[in-house]
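Counting convention: from 1, in listed order, for ligands and their atoms alike.
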Amino acid sequence: MFNNQEFYRSVFDLKDLPDDNLPEVIICGRSNVGKSSFINSLFNRTNLARTSSTPGKTRSLNYYLIDKNLFLVDLPGFGYAKISKKEREYWAKLIEGYLKSSKQKSLAIHLVDSRHKPTELDVHLNNLLQYHKIPYIVILSKIDKLKQSEIKQTISNTTAVFPELKYGENLMTYSSVKKTGKKEVLKLLSAMFYHF
Ligand SMILES: Nc1nc2c(ncn2[C@@H]2O[C@H](COP(=O)(O)OP(=O)(O)O)[C@@H](O)[C@H]2O)c(=O)[nH]1
Ligand SMILES: [Mg+2]
């Protein structure tokens with residue numbers, strides 16, 4: 001289960017969305033929140049998704065094919081300040097066009113940096129997911145950077161902004177470095193896509 005992962009395609013233009021009608025899991029969140037690291041750590045890969053210390057690098061929807069059965073879609077990390085207005089508009093169009101498309105969006109995994117309260121951009125993304133009726137969970141990323149007491153605080157900060165979230169259900173913590181939360185995420189995905 002989840003033994004086979006391959007890079008499938010980068011989509012810069014909506015006309016290049018794959019024709020295959022496979023279920024899609026969206027990995028989304030602000031630039032630099034840890035999306036690529038999340039994908040790599042989930043599958044014990046070092047370089048399936050490209051990580052970068054320079055924020056704002058991903059300019060495409062990156063498709064990964066898992067077990068020839070489902071797609072993981074790495075959304076461009078919007079919200080990076082140092083890009084032009086034109087580029088920002090291009091991103092917004094690409095993301096919203098994708099969300100509006102007829103693709104089978106089974107789940108969105110919205111990563112929020114555990115060191116910061118959810119930002120306006122996180123609220124915007126949450127609104128988009130709700131508006132397009134895409135089921136979602138929120139994952140607090142880089143949890144290895146926090147002490148136990150800080151983790152409690154960040155969970156309550158997050159549920160204050162997103163009251164629909166419940167820790168352990170649709171709100172989880174994750175560390176790509178320490179692999180915290182990995183088992184839980186894999187369990188959730190296997191329950192969704194593999195029926196025993
Ligand atoms: N300590 C720690 N650093 C992380 C974690 N996940 C990602 N990072 C770092 O955060 C930066 C951005 O990660 P990346 O996966 O490229 O973020 P993306 O822009 O959302 O795809 C990189 O320097 C990563 O090494 C994590 O769980 N713990
Ligand atoms: Mg990335």
Side-chain angles (χ1 to χ4, degrees), residues 2 5-12 24-66 71-84 87-88 90-92 94-95 98-99 107-126 128-129 134 136-155 157-158 167 171-189:
F2 309 126
Q5 323 90 26
E6 55 195 288
F7 175 73
Y8 186 78
R9 179 184 297 176
S10 283
V11 174
F12 291 88
E24 303 192 357
V25 174
I26 303 167
I27 312 297
C28 53
R30 297 196 62 187
S31 174
N32 217 37
V33 70
K35 294 179 295 298
S36 301
S37 308
F38 172 79
I39 294 172
N40 287 332
S41 67
L42 208 52
F43 303 116
N44 303 319
R45 296 280 298 263
T46 46
N47 232 340
L48 180 65
R50 277 199 315 162
T51 60
S52 169
S53 47
T54 334
K57 269 276 158 94
T58 315
R59 277 148 170 69
S60 50
L61 305 170
N62 290 327
Y63 269 77
Y64 301 90
L65 182 60
I66 312 298
F71 284 124
L72 224 63
V73 187
D74 188 358
L75 283 202
F78 62 95
Y80 181 56
K82 289 183 193 158
I83 57 165
S84 66
E87 196 155 15
R88 207 189 319 269
Y90 158 79
W91 280 6
L94 186 65
I95 292 175
Y98 166 70
L99 294 178
L107 180 72
I109 300 182
H110 175 182
L111 270 65
V112 173
D113 194 321
S114 65
R115 296 168 300 173
H116 311 289
K117 287 186 184 167
T119 65
E120 257 173 57
L121 283 156
D122 289 310
V123 172
H124 175 63
L125 177 56
N126 180 272
L128 274 179
L129 296 174
I134 300 168
Y136 61 88
I137 61 167
V138 169
I139 287 190
L140 295 165
S141 67
K142 309 191 188 183
I143 205 73
D144 56 284
K145 300 234 184 193
L146 300 192
K147 298 193 205 93
Q148 205 56 43
S149 57
E150 294 172 321
I151 295 177
K152 272 197 179 152
Q153 188 60 50
T154 204
I155 289 170
N157 289 343
T158 308
Y167 182 61
L171 175 64
M172 299 179 184
T173 49
Y174 198 90
S175 164
S176 299
V177 177
K178 296 204 173 153
K179 309 288 164 84
T180 320
K182 182 175 155 176
K183 230 197 300 179
E184 288 77 5
V185 174
L186 287 174
K187 199 169 143 193
L188 174 81
L189 293 179

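- When G29, S37, S176, C28 are checked for heavy-atom proximity to atom 24 (C) of ligand 1, S37 turns out nearest.
- Scanning K145, K35, K142 for the heavy atom closest to atom 9 (C) of ligand 1 points to K142.
- Within the 4.0 Å heavy-atom shell around ligand 1 one does not find S141.
- Considering only heavy atoms from C-beta on, T180 stays 4.5 Å or farther from D144 through its side chain.
- Here's the thing with S31: none of its N/O atoms is less than 3.5 angstrom from an N/O atom of ligand 1.
- Atom CG in L129 sits 9.5 Å away from atom CG in L107 (nearest 0.5 Å).
- The shortest N or O to N or O distance between F38 and ligand 1 is not below 3.5 Å.
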Chi angles and distances behind the ring pair (Phe, Tyr, Trp, His ring centres under 6.0 Å) call for Y8, Y64: CA-CA 5 Å; Y8 186 78; Y64 301 90; 9.8 Å; no
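- A distance of 4.5 Å separates CD1 of I155 from OH of Y167, quoted to the nearest 0.5 Å.
- Close N/O approach between I143 and ligand 1 is not found [any backbone or side-chain N/O within under 3.5 Å].
- Heavy atoms of other residues, nucleotides or ligands lying less than 6.0 angstrom from NZ of K179 number more than 12.
- Counting atoms of ligand 1 from 1 in the listed order, those under 4.0 Å from a heavy atom of G34 are 7 (C), 13 (O), 14 (P), 15 (O), 17 (O), 18 (P), 20 (O).
- Taking every non-hydrogen atom of V177 and a distance limit under 4.0 Å, the qualifying atoms of ligand 1 come out as 1 (N), 2 (C), 26 (C), 27 (O), 28 (N).
- The shortest side-chain heavy-atom distance between R30 and D113 does not fall under the 4.5 Å cut-off.
- With a heavy-atom cut-off of 4.0 Å, N32 touches ligand 1 through backbone and side chain alike.
- Rounding to the nearest 0.5 angstrom, the gap separating the CD atom in E184 from the OG1 atom in T173 is 7.5 Å.
- Those atoms of ligand 1 with a heavy atom of S175 less than 4.0 angstrom away are 27 (O).
- E6 is linked by a side-chain hydrogen bond (donor to acceptor under 3.5 Å, both in side chains) to K68, counting only residues two or more places apart in sequence or in another chain.
- Residue S36 counts as close to the Mg ion (ligand 2), with an N, O or S atom under 2.8 Å.
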